[in-house]
Amino acid sequence: MAWFKKEKQPIAPTPEEARVVRTEGLFTKCPQCSRALWKKDLEDNLGVCTKCSYHFRISARRRLELLFDEGRYTEYGSDLFSPDPLGFHDKRAYADRLQEARRTTGLNDAVINAAGQLSGRKVLVCAMESNFISGSMGCVVGEMITLAVEKAVEDQTPLVIISASGGARMHEGTFSLMQMAKICSALARLDRLRIPYVSILTDPTTGGVTASFAMLGDLNIAEPGALIGFAGPRVIEQTIRQKLPKGFQRSEFLMERGMLDAIVDRRQIKDFLTRSLCFFCDR
Amino acid sequence: MNNSDPKAQIELLQKRIRELESNIDSDSSEEKIKQLRQEMGLLQAERDKLDSIWKKTQLARHEKRPYTLDYIHRIFSDFQEIHGDRRFADDPAIICGMAHFEGRQVMVIGHQKGRDLKERQYRNFGCANPEGYRKALRVMKMAEKYQRPLITLVDTPGAYPSIGAEERGQAEAIALNIREMAALTIPILVVVIGEGGSGGALGIAVGDRILMLENSFYSVISPEGCSAILWKDQEHMREAAQALKITAEDLLSFGLIDEVVPEPENGAHADHDAAAEILKNHLRRHLEDLLAIDVETRLNERYRKFRSMGVIESRAPVAAGR
């Protein structure tokens with residue numbers, strides 16, 4: 001028999017849920033340096049890791065806010081809408097994919113056309129949204145970027161295109177392929193009229209987007225560490241049956257091979273644009 | 001359109017019909033059989049269509065199909081090949097050269113595939129490297145300088161995906177070609193003679209007239225690639241080929257090309273001479289048309305041609321973004 005009698009009930013163990021500190025949604029892990037980052041900090045730092053400067057992907061809207069003075073701009077062409085020209089159907093109907101992408105992004109397709117002031121100068125910016133079916137280019141993206149180029153020609157206004165795309169959109173077949181020719185035809189006019197065009201390549205820019213407008217800027221600049229290429233890494237690996245070297249098709253690799261004019265940290269892009277547009281436009 | 005495997009469905013329907021037939025007891029089951037037969041007919045028709053489209057894509061890649069040089073020797077005279085991009089190398093997957101077309105000086109550019117294993121390797125299966133596109137651009141500019149019309153023959157599975165090609169700027173080479181071709185002041189005739197493989201095809205395929213041979217195709221991605229990405233396997237090439245709508249007939253109906261050039265009865269591979277003769281007649285007619293138009297009008301029309309490609313509607317976005 002025990003000398004002391006327990007009179008109190010033992011303290012009930014804390015329920016499983018209460019033991020965990022609720023941090024989901026508050027922190028995110030940097031894929032490069034593996035450190036936990038407070039989301040608010042990350043956002044204040046324009047989506048760049050505060051420790052190792054890894055560039056997270058950010059939305060098209062956020063990009064526009066970062067570039068334009070006071071984050072203010074007007075949109076045009078946002079009403080354009082893909083009617084699914086081929087009635088395309090794989091495991092899932094393309095129409096469903098479109099619907100879902102429209103719901104999650106609040107956009108009609110994978111690009112936003114914006115006009116506004118950048119350091120007091122009027123510019124046109126197209127920003128691609130990589131969350132919309134991998135930012136792929138179908139008829140609507142082709143049309144909107146062509147509209148922007150034509151507007152740049154008409155208003156004699158500098159053009160900036162921020163690419164983030166897996167390439168031409170398979171679901172619109174050969175129509176998508178021809179958007180490359182459509183945009184490039186307009187860019188040929190822009191080029192002849194000596195209206196500045198700066199292409200900003202962000203993670204990822206591949207396929208038909210790289211093989212058309214993204215590589216045709218007066219300046220082609222990229223964010224650090226962005227995947228940029230013509231063929232996707234997997235396709236190359238399968239074709240040549242070799243492991244790809246480390247850093248292959250990343251911004252740094254492209255610059256080393258002479259394919260980029262500069263790699264610019266996201267936090268300096270506005271400044272870079274301001275200076276280059278001064279160089280191009282100011283008399 | 002039904003999504004699951006039509007072959008399995010046809011078999012299922014056949015089985016059910018047999019079951020019903022084995023014990024016909026009333027009028028209703030006869031009615032039922034009729035209905036099932038009809039359903040099966042539709043499915044079979046779909047299956048046949050799939051097969052015929054697939055057959056076309058296979059014809060476009062037929063190993064006996066006439067390649068660029070086969071047409072050059074039959075349609076043009078005094079062909080003199082021009083090599084090298086003056087930057088890095090000569091790419092045997094793209095052939096460029098000066099030639100006479102019915103007494104007129106023209107420039108010819110085309111992808112070249114190989115006939116036997118050795119030549120196939122030499123030509124890299126018609127998959128060009130950046131040097132090929134840069135050579136083509138150099139030659140196009142020369143044609144423009146001397147105001148000679150340009151004829152391009154497209155026949156490639158796609159631009160070559162390799163480490164070297166990426167290092168030397170495959171994307172940039174193609175992009176530049178597309179933009180510059182849009183502005184070349186000379187008449188440009190483009191013919192897809194076999195495979196029109198995506199950007200690798202488009203890199204020499206911007207022009208005033210785009211023709212396609214009856215059994216050729218022109219696509220944003222190969223049916224195999226599409227199957228691998230969207231179906232995540234290699235089994236659905238036929239479905240992909242159909243879904244992508246890549247035949248000459250389809251593309252003509254979309255307004256993406258100007259004309260379908262017929263082939264001899266059993267396909268171009270059966271009779272190279274006849275195929276070349278038909279193509280020659282088409283080239284002559286289009287070239288005469290183009291030469292009759294002044295430069296400015298021609299360039300404006302070329303611009304409008306590509307400008308109008310695409311199907312778009314207008315509708316307000318679901319959620320206003322900001």
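Here is how names work: the chains are called A, B, and so on, in the same order as the sequence lines, proteins then strands, and each is numbered from 1. These numbers come from the heavy atoms of this one structure, side chains and all, not from hydrogens, waters or symmetry mates.
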What residues of [range] sit under 4.5 Å from chain B when only non-hydrogen atoms are counted?
{"range": "residues 135-144 of chain A", "value": "A:C139, A:V140, A:E143"}
{"range": "residues 77-85 of chain A", "value": "A:S78, A:D79, A:L80, A:F81, A:P83, A:P85"}
{"range": "residues 252-263 of chain A", "value": "A:F253, A:R257, A:M259"}
{"range": "residues 206-213 of chain A", "value": "A:T210, A:A211, A:S212"}

[X], part contacting chain A, at a heavy-atom distance under 4.5 Å:
{"X": "B:L230", "result": "both"}
{"X": "B:R168", "result": "backbone"}
{"X": "B:L202", "result": "side chain"}
{"X": "B:A159", "result": "both"}
{"X": "B:I312", "result": "both"}

Using a cut-off of under 4.5 Å on heavy-atom pairs, state which of [options] scores highest against chain A.
{"options": "B:G199, B:A316, B:G310, B:A182", "answer": "B:G310"}
{"options": "B:Q170, B:K232, B:R179", "answer": "B:R179"}
{"options": "B:G158, B:S162, B:A228", "answer": "B:S162"}

Side-chain contact, heavy-atom cut-off 4.5 Å: [X] with [Y]?
{"X": "B:S219", "Y": "A:L177", "answer": "no"}
{"X": "B:I174", "Y": "A:F230", "answer": "yes"}
{"X": "A:I183", "Y": "B:F306", "answer": "no"}

Would you compute the distance between atom [atom1] of [X] and atom [atom2] of [Y] and round it to the nearest 0.5 angstrom?
{"X": "A:M215", "Y": "B:L176", "atom1": "CE", "atom2": "CG", "result": "11.5 Å"}
{"X": "B:L251", "Y": "A:T174", "atom1": "CG", "atom2": "OG1", "result": "4.5 Å"}
{"X": "B:C226", "Y": "A:H171", "atom1": "SG", "atom2": "NE2", "result": "7.5 Å"}
{"X": "A:T146", "Y": "B:R307", "atom1": "OG1", "atom2": "CZ", "result": "5.0 Å"}

Which atoms of [X] are under 4.5 Å from chain B, going by heavy atoms: the side chain, the backbone, both sets, or neither?
{"X": "A:A214", "result": "neither"}
{"X": "A:F248", "result": "side chain"}
{"X": "A:I240", "result": "side chain"}
{"X": "A:R192", "result": "side chain"}

- [ ] Report the option among A:E237, A:Q242, A:Q238, A:K182 that has the most heavy-atom pairs separated by less than 4.5 Å from atoms of chain B.
- [x] A:K182

TODO: Considering only NZ, NE, NH1 and NH2 on the basic side and carboxylate oxygens on the acidic side, decide whether B:E166 and A:R250 come within less than 4.0 Å.
DONE: no

Would you say [atom1] of [X] has more than 12 non-hydrogen atoms from neighbouring residues, nucleotides or ligands within 6.0 angstrom?
{"X": "B:R120", "atom1": "CZ", "answer": "yes"}
{"X": "B:K49", "atom1": "NZ", "answer": "no"}
{"X": "B:Q234", "atom1": "CD", "answer": "yes"}

TODO: Might you work through the side-chain contact (heavy atoms from CB on, under 4.5 Å) test for B:K245 and A:F175, ending with a clear yes or no?
DONE: CA-CA 10 Å; B:K245 305 233 165 53; A:F175 279 115; over 6 Å; no

Task: Least distance between heavy atoms, A:E150 atom then B:Y303 atom - done: OE2-OH, 2.7 Å

TODO: Indicate the atoms forming the closest heavy-atom contact of B:I178 with A:C184, along with that distance.
DONE: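 Heavy atoms of B:I178 and A:C184 come nearest at CG2-CB, 3.5 Å.
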
